[in-house]
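FYI, side chains are in, hydrogens and waters are out, and symmetry mates aren't considered; it's all heavy atoms of this structure. The sequence lines fix the lettering, A, B, ..., with proteins before strands; numbering per chain opens at 1.
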Number of protein chains: 2
Amino acid sequence: MTRKSEDAGRSTIRDVAARAGVSASTVSRVLGGVYPVSAATRTRVLRAVREMDYVADARAKAIAGAGTPTLAFVLEDITGPSFAHMAQGVEREAARLGHLCLVCSTDGDVRHELEFIEMMRAQRAAAVILVGGTADTPEYRERTRRIADSLASAGSRLVLCGRPPLGPGAPVTVIEYDNEGGAYALVAHVLTQGHRRVLFLGGRPDHTTAQGRERGYLAAHRARGLDPDPELLLHGDFTRDSGHRLMRQALERGLEFTAVVAATDMVAAGALTALHEAGLDVPGDVSLAGYDDIPFARDLHPALTTVHVPYEELGRLAVRTALGHTADTADEHLLLGTHVVVRGSVAAVGD
Amino acid sequence: MTRKSEDAGRSTIRDVAARAGVSASTVSRVLGGVYPVSAATRTRVLRAVREMDYVADARAKAIAGAGTPTLAFVLEDITGPSFAHMAQGVEREAARLGHLCLVCSTDGDVRHELEFIEMMRAQRAAAVILVGGTADTPEYRERTRRIADSLASAGSRLVLCGRPPLGPGAPVTVIEYDNEGGAYALVAHVLTQGHRRVLFLGGRPDHTTAQGRERGYLAAHRARGLDPDPELLLHGDFTRDSGHRLMRQALERGLEFTAVVAATDMVAAGALTALHEAGLDVPGDVSLAGYDDIPFARDLHPALTTVHVPYEELGRLAVRTALGHTADTADEHLLLGTHVVVRGSVAAVGD
DNA sequence: GTGAAAGCGCTAACAT
DNA sequence: ATGTTAGCGCTTTCAC
């Protein structure tokens, strides 16, 4: 009776077989698909299945060789709009390809990340997609390299999405969107409007995505023989609150600038509010630009000039390439382009 | 050799046992935890594990009785900010409780939803959390009821989050946030400012969340003996684009109103832009309010008056209650409160 | 303290 | 077309 109550309803393939008066293999065959089974038997089995509301245990199937492949998606923060769009891409493509999709946000905590990856290895995930920048330290490379190897040797693959590559020969796929190029184009646009002191609201200084965008900012200046004032380079994170705080501080410190470029649309949103709170008009008094082109960017006032990144497509691409390669494909590197979207938040200086 | 190449690296517990010169059971024991094993053996086993980079197959564990429990989270669109926050809550709480967390977005497609739930049943998920409103039809209740039953009889539990309950006796947990109450309070606030013609930018007419908010809008009017003009009740969906489109149409049709209440902050954002495009000032010419209190609401200009919903907490609560109940707990109903956040987008009429 | 054996729920040869 | 027999990789009695 103990057994009965705690296993209630959990019928096995043998229970079904018994009720249909056939063997377990027969049940497996009719459920499995195209194996020849007599119409009469099939009907009886199907009826038994329905009556018992039977669903085969996916774990048992998996271990026996059949089974739905799983794919893991690890990100820092599902709450960031750009990540959410990528997650959507991953999720959709995974579904389309008949894969299950585990999602984990790590809150930027390397320990969480490691734990989760270990779990995915235990799940025998077909691929794990790591997304978002990190600190590109030697430890990072070594650690990630080890992960890539053990994933590869277990028959699955690591995909780095918007993450620094590991150096040659590592069994990973890396897909990057061009942070430096996008920022370069954006800042070039701002400089073209005549701005000469442009404040940069960056992310964490050791974060590769932030670094790429910062490099673009610098490069765009240098390309015109300009040398941006180091004071104009601020660091925070990619949140709205960070943008708000940084902007307020810049204003309080009396920094001089005619334009501000934020590392992220979210940061730009916070900055915009701080600007408004200070009674400044955008773009009348100061111009503002963001990065990511999240849907909301159009609803800021003025609508935000920004860099479009094809996040959903990125996600889809990540799973497609992840699944399209065998374990021993060596490293492979894709770079997705971005383009600037001009809206109303950047004006010519002096206008 | 075929075998060798395709199974490379996939070492089993037996391989480890062989290398350590012990039996599989012993390996299982040292890995398992607290079973008495001699220090020497343990060391040798652990070394073998490390050398072979062995990770036990989670599916096999699961089927053998041990194993990490899994929890599934099904939502319409991971891209909606409020859902993303809920997902974060779910994900964090699941991680804290040592559960794996599958996420699926259905794009509002019932077929996807059904398929996914079936998969979760196959995975023997400990709980599946369904989130977001739907059309509350008899079919919905019957279908969901059936799902709840079969989940329950398989030892797991269905949680409905922001979804209509199923009627008495169904083995589900339902957690709702008070859509009607929130909208009531919000609209009451607007009416208190003297507005008498307030446009409502709603969601799909058959969507329960949308309906709840709409009911609140109506009730707030009636409570003051007002009878809102049916023309002022518009329907769309919960996206930014819907808000933009609806608002533009309302303006084109020459509808008269002094305030607009949107079913969602996203909708409000789109509406705000449409208002601006029409040269209208908010709240000078027309007042505007939203619903959800997403972080971005503060960065709209003017900052959006809205209703705060504790989405992350909702997610955490969902997993906590889901996991805290046995399969045969009958239906249980929680209602979370909300409160209005007054910011600058609603002004007294005539100001 | 450790090994042998049985079994979890399923599939896949191998027989008929 | 269908049943029997082995596994899959692990845990868990049950012996010793």
**Q.** Residue met sooner reading DNA chain C from 5', once A:R59 and B:P36 are mapped to nucleotides
**A.** B:P36
**Q.** Taking every non-hydrogen atom, the tightest pair across A:A322 and A:A127
**A.** CB-CB, 3.7 Å
Q. For B:I63 and D:dT11, what is the distance between atoms CD1 and P respectively, to the nearest whole Å?
A. 12 Å
Q) Side chains of A:C101 and A:T70: does their closest heavy-atom pair fall under 4.5 Å? A) no
(Q) Is the phosphate of D:dA1 approached by A:T26 (side-chain N or O, under 4.0 Å from OP1 or OP2)? (A) no
Q: Take the protein atom CG of B:D15 and the nucleotide atom C1' of D:dC10, then report the distance between them rounded to whole Å.
A: 13 Å
Q: Dump the intermediate steps for side-chain contact (heavy atoms from CB on, under 4.5 Å) on A:L317 and A:L334, then the final yes or no.
A: CA-CA 10 Å; A:L317 190 59; A:L334 273 53; 3.8 Å; yes
Q.
On DNA chain C, compare the nucleotides closest to B:R124 and B:R44; which residue's is nearer the 5' end?
A. B:R44
(Q) So if I define the base as every atom that isn't primed, P, OP1 or OP2, how would nucleotides 11-16 of chain C read as a B/S/- string at a heavy-atom cutoff under 4.0 Å? (A) SBB---
Q | d(CG, A:D57; P, C:dC8) in whole Å | A | 13 Å
Q. Counting just side-chain N and O atoms, does A:T12 come under 4.0 Å of either OP1 or OP2 of C:dC8?
A. no
Q) Taking the side chain as C-beta and beyond, is there a heavy-atom pair between A:I175 and A:T173 under 4.5 Å? A) yes
Q: Tell me whether the OP1 or OP2 atom of D:dG3 has a side-chain N or O from A:S23 closer than 4.0 Å.
A: yes
Q | Gap separating the OG atom of A:S25 from the CZ atom of A:R29, nearest 0.5 angstrom | A | 5.0 Å
Q. Should the heavy atoms of other residues, nucleotides or ligands under 6.0 Å from CD of A:E51 be counted, would the total exceed 12?
A. yes
